[in-house]
Asks: 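Sending over a structure as structure tokens; questions will come in a sec.
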Amino acid sequence: MTSLKIGDRAPDFTLPSATGENISLSQFLGKKAIVIYFYPKDDTPGCTAESCAFRDNYDVFTKAGAEVIGISGDSVASHQQFASKYQLPFILLSDSENQVRKLFDVPATLFVLPGRVTYVIDKEGIVRHIFNSMLDFKAHVDEAIKTIQSL
């Protein structure tokens, strides 16, 4: 299996959301650009900082015609609590089997920690930007905004 690269078509997937409904990438194709950020775990300091940065800039994404989707291996119930606690307005998806993480070739950090990678996908489903940084939480948001605004 080769790594997902800029210019590739993003693989379609369906996962349960924090609201309990199943969400598929294909629902957005032709309508909105998508920012998908994979993060290690709900309610940990780095993931909370990153998610709150996406929350604080959510209107910038929506005004640019994009939807934000956060994905981790946490349960639907964990996502519900996390979204409620921090008033996260965007979609959180539960990838409990790490199937979508594997589809997107998100690398692990130190071979154990789930990686932190953000993908910007245009309306046609093409990957336009990939940003991988375990520690620079805010840069995930800044890089995504720059890319979305250039589409």
Side-chain angles (χ1 to χ4, degrees), residues 1-42 46-107 114-133 136-151:
M1 185 159 142
T2 58
S3 290
L4 191 62
K5 297 180 290 308
I6 292 171
D8 288 351
R9 178 164 292 286
D12 194 22
F13 60 85
T14 303
L15 288 173
S17 72
T19 61
E21 67 181 306
N22 284 335
I23 302 288
S24 298
L25 182 62
S26 57
Q27 288 174 230
F28 301 97
L29 295 183
K31 299 176 196 149
K32 293 182 173 191
I34 306 290
V35 175
I36 297 178
Y37 75 101
F38 288 89
Y39 65 99
K41 187 143 183 54
D42 288 346
C47 298
T48 299
E50 180 183 25
S51 296
C52 288
F54 273 110
R55 175 200 65 202
D56 296 344
N57 290 280
Y58 186 62
D59 63 326
V60 175
F61 289 106
T62 57
K63 284 180 181 145
E67 185 54 67
V68 175
I69 299 174
I71 300 177
S72 79
D74 294 296
S75 69
V76 168
S78 175
H79 281 342
Q80 286 170 340
Q81 292 171 340
F82 187 51
S84 174
K85 183 175 182 180
Y86 296 102
Q87 286 116 36
L88 304 178
F90 46 81
I91 299 165
L92 292 181
L93 298 178
S94 174
D95 186 19
S96 58
E97 304 293 314
N98 288 316
Q99 292 168 322
V100 175
R101 189 175 282 279
K102 286 180 188 125
L103 264 181
F104 275 75
D105 302 312
V106 177
R116 182 185 314 279
V117 181
T118 299
Y119 296 83
V120 178
I121 301 162
D122 69 16
K123 284 183 191 177
E124 285 72 50
I126 305 301
V127 176
R128 294 297 175 195
H129 190 69
I130 301 171
F131 184 73
N132 182 350
S133 173
D136 197 350
F137 319 116
K138 179 88 170 75
H140 283 268
V141 177
D142 296 340
E143 291 280 324
I145 287 172
K146 264 193 288 192
T147 306
I148 285 294
Q149 290 177 336
S150 74
L151 291 180

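As a basis for the values below, the full set of heavy atoms in this structure was taken, side chains included, without hydrogen atoms, waters or symmetry mates.
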Asks: Rounded to the nearest 0.5 Å, what separation is found between the OG atom of S78 and the CD atom of Q80?
Replies: 9.5 Å
Asks: Are any non-hydrogen side-chain atoms of F28 and I69 less than 4.5 angstrom apart?
Replies: yes
Asks: Any side-chain heavy-atom pair from P114 and V106 closer than 4.5 angstrom?
Replies: no
Asks: With side chains defined as the heavy atoms from C-beta onward, is the minimum distance between L93 and P16 less than 4.5 Å?
Replies: no
Asks: Which residue pairs pass the side-chain hydrogen bond (donor to acceptor under 3.5 Å, both in side chains) test with at least one member in residues 54-66, sequence neighbours excluded?
Replies: Y58-E67
Asks: Determine the interplanar angle of the F131 and H129 rings, folded into 0 to 90°, and report it as parallel if under 30°, tilted if 30 to 60°, perpendicular if over 60°.
Replies: parallel
Asks: Compare every heavy atom of A18 with every heavy atom of V76, then report the nearest pair and how far apart it is.
Replies: CG1-O, 3.9 Å
Asks: Quick check: do Y119 and V35 have side-chain heavy atoms less than 4.5 Å from each other?
Replies: no
Asks: Cut-off 3.5 Å, side chains only: do S24 and S26 have a donor facing an acceptor?
Replies: no
Asks: If you apply the rule salt bridge (Lys or Arg N to Asp or Glu O under 4.0 Å), what do you find for D142 with K138, and how did you get there?
Replies: CA-CA 6 Å; D142 296 340; K138 179 88 170 75; 2.8 Å; yes
Asks: If I compare all heavy atoms of A144 with all of T118, which pair ends up nearest, and what's the gap?
Replies: CB-CG2, 4.4 Å
Asks: Should S96 and S94 be marked as a side chain to side chain donor-acceptor pair (under 3.5 Å) after you check the CA-CA gap, both sets of side-chain angles, and the distance that decides it?
Replies: CA-CA 6 Å; S96 58; S94 174; 4.5 Å; no
Asks: Would you compute the distance between atom CD1 of I91 and atom NE2 of H79 and round it to the nearest 0.5 angstrom?
Replies: 11.5 Å
Asks: Quick one, D95 with R101, criterion salt bridge (Lys or Arg N to Asp or Glu O under 4.0 Å). Give me CA distance, side-chain angles, the key distance, then yes/no.
Replies: CA-CA 7 Å; D95 186 19; R101 189 175 282 279; 5.1 Å; no
Asks: Report yes if the side chains of F82 and D74 come closer than 4.5 Å at any heavy-atom pair, otherwise no.
Replies: no
Asks: Do R116 and H140 have side chains that get closer than 4.5 Å, going by heavy atoms?
Replies: yes
Asks: Supply the atom-to-atom distance L88 CG to S51 OG, rounded to the nearest 0.5 angstrom.
Replies: 5.5 Å
Asks: Side-chain contact test, heavy atoms from C-beta onward, threshold under 4.5 Å: evaluate it for D8 versus I126 and give yes or no.
Replies: no
Asks: Heavy atoms, side chains only, cut-off 4.5 Å: are I36 and I71 in contact?
Replies: yes
Asks: Is the F90 ring parallel, tilted or perpendicular to the F54 ring (thresholds 30°, 60°)?
Replies: perpendicular
Asks: Could you check whether N22 and T14, counting side-chain N and O atoms only, form a donor-acceptor pair closer than 3.5 Å?
Replies: no
Asks: How many angstroms lie between atom CD of E124 and atom CG of L151, to the nearest 0.5 angstrom?
Replies: 9.5 Å
Asks: Could you tell me the separation between the CD atom of E143 and the CD1 atom of I148, rounded to the nearest 0.5 Å?
Replies: 12.5 Å
Asks: Between the side chain of S150 and the main-chain N/O of T147, is any donor-acceptor distance below 3.5 Å?
Replies: yes
Asks: Give, for atom SG of C47 and atom CZ of F38, the distance between the pair rounded to the nearest 0.5 Å.
Replies: 13.5 Å
